[in-house]
Amino acid sequence: MKLFTLPVWLIALSAMSQTIVSTNPENAKVILEEFTGIYCTYCPEGHAIAEAIQAQNPDDVFIINIHAGSFAAPLPGAPDFRTPWGAALVQQSELIGYPAGTVNRLFFQGLSQNGSTSRAMNRENWESATNQTLSNTSYVNLGVESTLNASTGELEIHVEAYYTGSSPVGQNYLNVALLQNNTLGPQTGGGQGNNYVHKHRLVDLITGQFGEEITTTTAGTFIDRTYNYSVPPDYNGVPTQLADLEVVVFMAESSQDIISGNANTPDLVVSFQNDLSVGAISPIGEVCYGVLGPEILLQNVGTQTATSAQITYEINGASYNYTWNGNLPSLEQTFVTLPAQEFPFNGSNVVAVTIGNDDFNGNNDREIEFFEAEEYQGNLNLTIDTDGFGNEFTWEMVDYTGAVYASGGPYGSFETITQVISMTTESCYTFTIYDSVGNGGTEVLLRDASGNQILQTDGEFGATLERTFGYKVETILGLEDTSFDQEVRIWPNPTRGNIEKRKYL
């Protein structure tokens, strides 16, 4: 006797083969996409609201923080958390202000930012939209598991989907997003300086901008996909921390209308006994004197506790050796500051770090580029135009030792201040402006005696903005002068030319 028709029999076999996804009807899970930026004053409040929503629904709400737009565009020296995917996601959300969020990329009547078509909502509406979504039945369930090789950075993601009902459209789209948690960086309004903890930060969409097309979307269908992905050492120069990665998957009816999703933290696989990795070289920024002591992140991705490492580092081709001694258990990490060395500037300035041979050498080296700071001459001219809260604005200029050379503020409201900073000492200086509330507003222009611009802002700087630069003094020799110092001499003497002396203290 024939118990099943062929299509039903195939469906039954598929349903029996799944391992990580439920075949019982479930309510929808929420993908909360939060549009943010490091210079967005109220984004920390949005982060807190999203975290609270997730804490109330720990297995049903998953956050993706998307750094995009003008608030995410980094100023010199700031990290770039943007991705190639953010601009298109912003555009389709139709957001009109930050922070903004979408809940499953759905439209919620009365909750949208523009009141008509926008799927983006202000932060006070995210919880209501989430609760509405969680109460709806989903016709597809998703499960995900992943493993990450700590030595090689190879990530394997296994995704399963099971249709408990039929989709109203013939094509759905499976999306796999990779996030990184616990990244320290600046955040206007965060109150932590450069140590704000950025979570759920989108670093890549493994299945592309809007996912992989799924063409079988009827009740009883089982989808099984495995994705292999090589995790790079950094994204836009921001080091990747393997232990902080997170995978979020979701199914959508189009580029919008997410049906449901799920998330997973990859299981770290340790393949070797003795395996140290150069996890990162800390960003160096602009340098204006020829002494540098790089800082590296040393990671133990082997099974055995590491107690020493031979480290070779190069600064513009000059090589130095250092022996690290300590106690670093498996899957732990530590920052190591290498001894400072004098070096010459080149057209391209590079620090390269290599640790000695171990069981796997594929993660033993890394390099980073750094830049020579611009040099300026003469007294500096500072112009400040405060907003209505000049009492929140201050500034200071320090030399390379951290000693304050000049400072100013707070000021009055809507005040224009012009000041000449008298310069007498050649050195490396950092000029920094501050807003105590973290929302900027004051316009600043700093120039040298020739009118060259050192720092300028129209007020969109958030809590702080800084610029490092070198200052040099011109010296003109007279007929009686025979030398600048013991190291530089002029011959023949007298000379008709102007001789420039440069020596950083």
Side-chain angles (χ1 to χ4, degrees), residues 20-22 24-37 40-67 89 93 95 97-113 118-146 159 161 164 175-183 187 189-192 196-203 243-252 256-266:
I20 60 173
V21 67
S22 172
N24 299 318
E26 296 179 345
N27 283 2
K29 297 179 186 292
V30 161
I31 306 298
L32 172 53
E33 292 177 300
E34 186 180 352
F35 296 95
T36 186
C40 166
T41 302
Y42 298 105
C43 283
E45 184 177 335
H47 302 159
I49 290 173
E51 290 283 343
I53 293 172
Q54 185 182 55
Q56 294 168 5
N57 308 276
D59 298 320
D60 298 316
V61 174
F62 311 105
I63 304 168
I64 300 177
N65 280 354
I66 301 163
H67 290 254
L89 296 175
S93 76
L95 66 81
Y98 284 74
T102 61
V103 171
N104 283 19
R105 300 181 186 171
L106 300 171
F107 173 73
F108 293 87
Q109 186 68 43
L111 301 183
S112 68
Q113 280 190 334
S118 174
R119 300 181 185 224
M121 297 169 285
N122 292 328
R123 57 194 180 279
E124 63 268 17
N125 292 328
W126 299 348
E127 184 175 12
S128 175
T130 295
N131 291 337
Q132 291 181 47
T133 304
L134 292 174
S135 66
N136 295 330
T137 302
S138 169
Y139 57 78
V140 62
N141 302 331
L142 285 95
V144 57
E145 59 185 357
S146 57
V159 183
T164 59
N175 294 260
V176 179
L178 185 63
L179 320 180
Q180 181 165 313
N181 288 290
N182 305 320
T183 305
Q187 177 62 66
Q192 302 296 316
Y196 186 87
V197 181
H198 293 272
K199 299 180 181 180
H200 316 293
R201 182 171 60 86
L202 177 67
V203 296
D244 292 327
L245 295 180
E246 177 185 1
V247 176
V248 174
V249 301
F250 56 92
M251 191 78 77
Q256 308 270 36
D257 302 321
I258 294 173
I259 309 158
S260 193
N262 217 321
N264 167 258
T265 298

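Atom CD of Glu246 is separated from atom CG of Leu178 by 9.0 Å, given to the nearest 0.5 angstrom. Here CG of Leu32 is found 7.0 Å from OG1 of Thr102. Values are rounded to the nearest 0.5 Å. Rounding to the nearest 0.5 angstrom, the gap separating the CG atom in Leu106 from the OG atom in Ser112 is 12.5 Å. Between Leu142 atom CG and Asn264 atom CG the span is 12.5 Å, to the nearest 0.5 Å. Atom CE of Met121 and atom CD of Glu127 lie 12.0 Å apart (nearest 0.5 Å).
Between Glu51 and His200 the shortest side-chain heavy-atom distance falls below 4.5 Å. Looking only at side-chain heavy atoms (C-beta outward), Gln113 and Leu95 come within less than 4.5 Å of each other. Side-chain contact between Val103 and Phe108: present, with at least one pair of heavy atoms (C-beta onward) separated by less than 4.5 Å. Within the 4.5 Å cutoff, side-chain heavy atoms of Ile64 are placed close to those of Phe250. With a 4.5 Å cut-off on side-chain heavy atoms, His67 and Thr36 count as touching.
Proximity of a side-chain donor or acceptor of Arg119 to a complementary backbone N or O of Arg105 within less than 3.5 Å is detected. Although no hydrogens or angles enter the test, the distance criterion places no donor-acceptor pair under 3.5 Å between the side chain of Asn104 and the main chain of Asp257. Remark: the backbone N or O of Ile66 is not paired with any side-chain donor or acceptor of Glu33 at under 3.5 angstrom. In this structure, Asn182 contributes its side chain and Asp244 its backbone to no donor-acceptor pair below 3.5 Å. Judged purely by atom type and a 3.5 angstrom limit, Asn141 has no side-chain atom pairing as donor or acceptor with the backbone of Val21. Gln187 places a side-chain N or O within 3.5 Å of a backbone atom of Cys40 that can act as its donor or acceptor partner. In this structure, Asn27 contributes its side chain and Leu134 its backbone to a donor-acceptor pair below 3.5 Å. Remark: side-chain polar atoms of Ser135 are paired, donor with acceptor, to backbone N or O of Gln132 under 3.5 angstrom. Within the 3.5 Å criterion, the main-chain N or O of Val249 finds no donor-acceptor partner in the side chain of Asn175. A donor-acceptor pair is defined here as one N or O able to donate and one able to accept, closer than 3.5 Å; such a pair exists between the side chain of Ser260 and the backbone of Lys29.
Of all non-hydrogen atoms in Gln180 and Val203, the two that sit nearest each other are CB-CG1, 4.1 Å. Nearest approach of Thr133 to Ala129, heavy atoms of both residues: OG1-O, 2.9 Å. Residue Leu202 comes nearest to Ala177 through the heavy atom pair CD1-CB, 4.1 Å, listed as atom of the first residue, atom of the second, then distance. Between Ala100 and Trp126 the shortest heavy-atom distance is C-CZ2, 3.5 Å. Considering all non-hydrogen atoms of both residues, Gly46 and Pro99 come closest at CA-CG, 4.4 Å. A pairwise comparison of heavy atoms in Ser146 and Pro266 identifies OG-CA, 3.2 Å as the closest pair.
Other residues, nucleotides and ligands place no more than 12 heavy atoms under 6.0 Å from the OH atom of Tyr42.
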**Message:** Using the rule given for side chain to side chain contact (heavy atoms under 4.5 Å, CB included), can you reason through Arg201 versus Leu179, listing the C-alpha separation, both sets of side-chain angles and the distance that settles it, and then say yes or no?
**Reply:** CA-CA 5 Å; Arg201 182 171 60 86; Leu179 320 180; 5.9 Å; no

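For the side-chain contact (heavy atoms from CB on, under 4.5 Å) criterion with Val30, the lone passing option out of Asn57, Asn131, Ile63, Val61 is Val61.
Aromatic ring pairs are classed by plane angle as parallel below 30°, tilted from 30° to 60° and perpendicular above 60°; the pair His47 and Tyr196 is tilted.
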